[in-house]
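FYI, the numbering just counts along the sequence from 1.
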Amino acid sequence: MTSQDPQELLQQKHKLDEQKKQFSNFARSVSGHGELEAGQEFSHDRMDDDQNRMKSVENKRA
């Protein structure tokens with residue numbers, strides 16, 4: 001692997017971060033605000049799981 005200037009790498013990272021930010025903003029504007037997170041589409045047909053809920057309560061106490 002070739003060694004690169006840390007400042008150059010940092011500038012490249014900032015450039016990529018800005019591109020990601022612009023793309024995210026674009027994707028949000030196109031999809032609208034009513035979108036659900038991935039995997040949330042079918043959550044309405046599941047019953048609450050008492051064991052998982054109680055485990056969450058137990059973990060919060062620890």
Next on the checklist: Restricting to side chain to side chain donor-acceptor pair (under 3.5 Å), what partner residues turn up for Gln19, sequence neighbours left out?
Outcome noted: none
Item to check | Set of salt bridge (charged side-chain N to carboxylate O under 4.0 Å, His left out) partners for Lys13, sequence neighbours left out | outcome: Asp17
Checklist entry - Cut-off 3.5 Å, side chains only: do Gln7 and Gln11 have a donor facing an acceptor? => result no
